Amino acid sequence: MQALLPLFVAVPLAAAAVAVISPWRVLRDALHFVIPLLGVIAGGFLLQETLAEGTIAHNVGLFPGGISIPFAADAFSAVMIITTSIVAVAANWFATLADETRARFYPALALMLTAGVNGALLTADLFNLFVFIEVMLLPSYGLMAMTGTWSRLASGRTFVLVNLTTSTVLLIGVVLVYGVIGTVNIAALASQAAGNGPVTVTMGLVVIALCVKAGVFPVHTWLPRTYPGTSAAVMGLFSGLHTKVAVYALFRMYVVIFDMDTRWATLILVVMIVSMIVGGFAGLGEHTIRRVIAYQMVNGMPFILVTLAFLGGDPKHSLAAGMFYMLHHMITVGSLVLTAGAIEETYGTGRLARLSGLARRDPWIAAVFVMGAFSVVGFPPFSGLWGKVFVVSAIAREATWQSWLAIAVIVVASCGALLSMLRVWRLAFWGKPMENAPKDLVVPLWLGLPGAALAVLSVAMFFCAGSVVSVTLDAAAGLLDVPSYTSAVLGDVSEAIGVPR
């Protein structure tokens with residue numbers, strides 16, 4: 001199985017090449033839907049393999065570990081591949097229904113983005129992480145330029161500027177890491193940033209760059225100002241793929257390279273607390289549905305990352321809680337974005353001031369939106385309830401004043417998310433019927449299906465929470481098994497260079 005890991009990158013890239021040269025739109029549309037679907041299936045097989053065997057790795061060209069381009073997979077990366085592929089299937093499905101794929105290169109760019117995501121989730125090398133993030137970003141620039149309203153031009157400039165600057169910082173950090181310690185192989189860097197000042201400083205640049213890409217306070221404002229400027233299909237892709245790759249990398253680096261150094265717990269806690277408050281309440285000042293949802297993306301990041309501040313007691317449960325919430329957030333925000341996109345495609349606007357009475361006019365799409373809203377707030381029967389309960393229970397295990405503070409802020413931030421969703425409901429779905437829209441104009445059933453499918457998946461995660469929690473616990477255990485990771489990536493070289501096996 002390990003020899004097949006590069007195919008997670010090669011297959012989407014080959015499909016993108018076919019989509020570029022194909023004159024048949026039906027083939028292009030099929031490729032950008034089928035390839036992510038195959039990613040879900042392949043990710044399932046990969047999950048089975050990693051649960052049974054632990055970390056598996058492949059060095060491209062069969063060069064020795066530490067020298068070659070390494071691909072590595074454990075249960076955590078397998079679960080992420082499955083979930084990102086599910087979101088990509090839904091977003092690409094919506095893009096086809098909304099006629100986004102009339103732009104010839106849309107499917108090819110979406111497939112290139114998928115290849116970059118898979119590579120970033122499987123690489124065991126910091127420089128190749130940078131490379132695959134760039135593989136993600138380059139098609140993203142094209143997708144932003146070709147989709148959405150005229151606001152995409154201003155949003156695109158900000159998106160390009162922020163990501164180019166951040167990528168430069170990331171590359172500088174990777175180069176300095178290599179200059180300080182002589183390698184950028186993640187396995188070879190195991191525990192090197194724990195108490196090693198020069199490595200800690202250089203890795204700090206990498207962490208800062210990833211925090212910007214994840215949309216963490218105070219470097220978050222670019223996200224709600226850029227994502228809503230593009231189309232709903234592209235925003236759905238970005239919400240489930242871009243930011244979550246950065247969060248995945250932060251989890252991996254903090255456990256493997258920083259060795260869960262608890263000296264950073266206070267800083268992580270402070271940053272995440274402020275991020276929760278800002279993300280929870282800032283949406284109250286926005287004027288479109290997707291801008292409000294964009295701040296729920298900002299609000300979700302600290303719910304995931306705050307668990308890194310509570311690894312002193314039971315790191316396995318804390319990491320699993322963060323993983324569970326990440327999976328829930330990818331599915332839920334994807335549903336909300338695509339549902340808002342269905343409304344925009346039908347009524348020509350997502351502005352709250354121009355929408356009213358959709359609950360009576362479109363009870364079907366209103367129900368789907370409510371499902372997503374309930375999930376992001378944390379109401380049953382949706383995955384958000386167990387996501388927040390799991391995070392709170394993991395934090396409470398340490399039983400310190402920091403735990404009480406974090407739990408209190410989680411409750412307050414959840415109230416902010418509730419108020420934001422209620423505001424959208426009151427302005428867009430409640431109230432009198434719209435006077436400027438034909439009475440027979442409603443959101444087509446087929447256009448709301450992608451968002452509804454993700455909402456149903458959130459319900460499934462609620463009722464199958466035991467199975468999902470079990471998988472995330474196994475994924476957390478695999479992430480914590482650093483000796484297995486280093487042994488799989490480096491092989492016999494790990495002993496020669498002094499890396500613990």
Side-chain angles (χ1 to χ4, degrees), residues 94 98 100 144 147-159 215 220-236 238-239 278-299 332-377 415-444 447-448 451-452 455:
F94 182 87
E100 296 276 2
M144 287 207 71
T147 63
T149 62
W150 284 106
S151 64
R152 73 185 186 277
L153 300 178
S155 300
R157 286 195 299 269
T158 302
F159 184 84
H220 68 285
T221 54
W222 67 273
L223 191 153
R225 291 292 175 264
T226 58
Y227 280 17
T230 187
S231 69
V234 174
M235 183 176 175
F238 288 2
S239 68
V278 171
F281 289 92
L284 292 170
E286 295 298 337
H287 58 276
T288 70
I289 299 177
R290 284 203 284 136
R291 281 184 179 270
V292 174
I293 296 171
Y295 269 107
Q296 296 313 309
M297 293 174 59
V298 175
N299 186 34
T332 298
V333 172
S335 174
L336 284 170
V337 170
L338 298 182
T339 302
I343 295 171
E344 290 182 17
E345 290 291 330
T346 302
Y347 295 101
T349 182
R351 295 180 68 88
L352 297 173
R354 297 180 182 176
L355 297 170
S356 180
L358 294 183
R360 295 184 182 88
R361 175 189 286 268
D362 276 299
W364 141 254
I365 208 69
V368 175
F369 184 87
V370 166
M371 293 170 72
F374 275 18
S375 185
V376 81
V377 172
C415 291
L418 174 62
L419 292 174
S420 295
M421 293 295 103
L422 286 175
R423 179 170 175 267
V424 173
W425 179 262
R426 180 176 63 83
L427 295 177
F429 291 90
W430 210 242
K432 61 182 181 180
M434 288 184 291
E435 298 177 355
N436 57 343
K439 292 184 179 180
D440 58 345
L441 180 64
V442 294
V443 177
L447 194 57

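Quantities reported herein were computed from a predicted structural model and do not represent experimental measurements.
Between Ser420 and Gly280, the closest heavy-atom pair is OG-O, 3.4 Å. Contact record, Ala428 with Leu352: CB-CD2, 4.1 Å, taken as the closest heavy-atom pair. Across every non-hydrogen atom of Ala373 and Leu336, the tightest pair is N-CD2, 3.6 Å. Nearest heavy-atom pair across Val377 and Met421 is CG2-CG, 4.1 Å. Residues Glu100 and Ala233 come closest through the heavy atom pair CG-CB, 4.4 Å. Across all non-hydrogen atoms, the minimal contact from Asn299 to Ala417 is ND2-CB, 3.9 Å.
Residues passing the side chain to side chain contact (heavy atoms under 4.5 Å, CB included) test with Arg291 are Arg225, Pro228, Glu286, His287, Thr288, sequence neighbours excluded. In terms of the side chain to side chain contact (heavy atoms under 4.5 Å, CB included) criterion, residue partners of Ala342 (sequence neighbours excluded) are, by chain and number, Phe94, Ile365, Val443, Leu447. Applying the side chain to side chain contact (heavy atoms under 4.5 Å, CB included) rule to Ser356 yields the partners Lys432, Met434; only residues at least two apart in sequence or on another chain are considered. By the side-chain hydrogen bond (donor to acceptor under 3.5 Å, both in side chains) test, Thr332 pairs with His328, Ser375, sequence neighbours left out. Residues passing the ring-ring contact (aromatic ring centres under 6.0 Å, His included) test with Tyr295, sequence neighbours excluded: none. In this structure, Glu345 has no salt bridge (charged side-chain N to carboxylate O under 4.0 Å, His left out) partners at least two apart in sequence or on a different chain. Taking the side chain to side chain contact (heavy atoms under 4.5 Å, CB included) definition, one finds that Thr221 meets it with nothing, sequence neighbours left out. Residues forming a ring-ring contact (aromatic ring centres under 6.0 Å, His included) with Phe281 (at least two apart in sequence, or on another chain): none.
Other residues, nucleotides and ligands place no more than 12 heavy atoms under 6.0 Å from the CH2 atom of Trp430. Shown here is Arg423, whose CZ atom has more than 12 heavy atoms of other residues, nucleotides or ligands within 6.0 Å.
Between Ser239 atom OG and Gln296 atom CD the span is 12.5 Å, to the nearest 0.5 Å. With values rounded to the nearest 0.5 angstrom, Met235 atom CE is found 8.5 Å from Thr226 atom OG1. Arg290 contributes atom CZ, which lies 11.0 Å from atom CD1 of Ile343 (distance to the nearest 0.5 angstrom).
Among pairs with a residue in residues 361-373, those fulfilling side-chain hydrogen bond (donor to acceptor under 3.5 Å, both in side chains) read Tyr347-Asp362, at least two apart in sequence or across chains.
Here the side chains of Ile293 and Tyr227 are not in contact, with every heavy-atom distance at 4.5 Å or above.
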(request) For Ile289 and Phe369, run side-chain contact (heavy atoms from CB on, under 4.5 Å): C-alpha distance rounded to whole Å, both residues' side-chain angles, the deciding distance at 0.1 Å, then the answer. (result) CA-CA 11 Å; Ile289 299 177; Phe369 184 87; 4.0 Å; yes
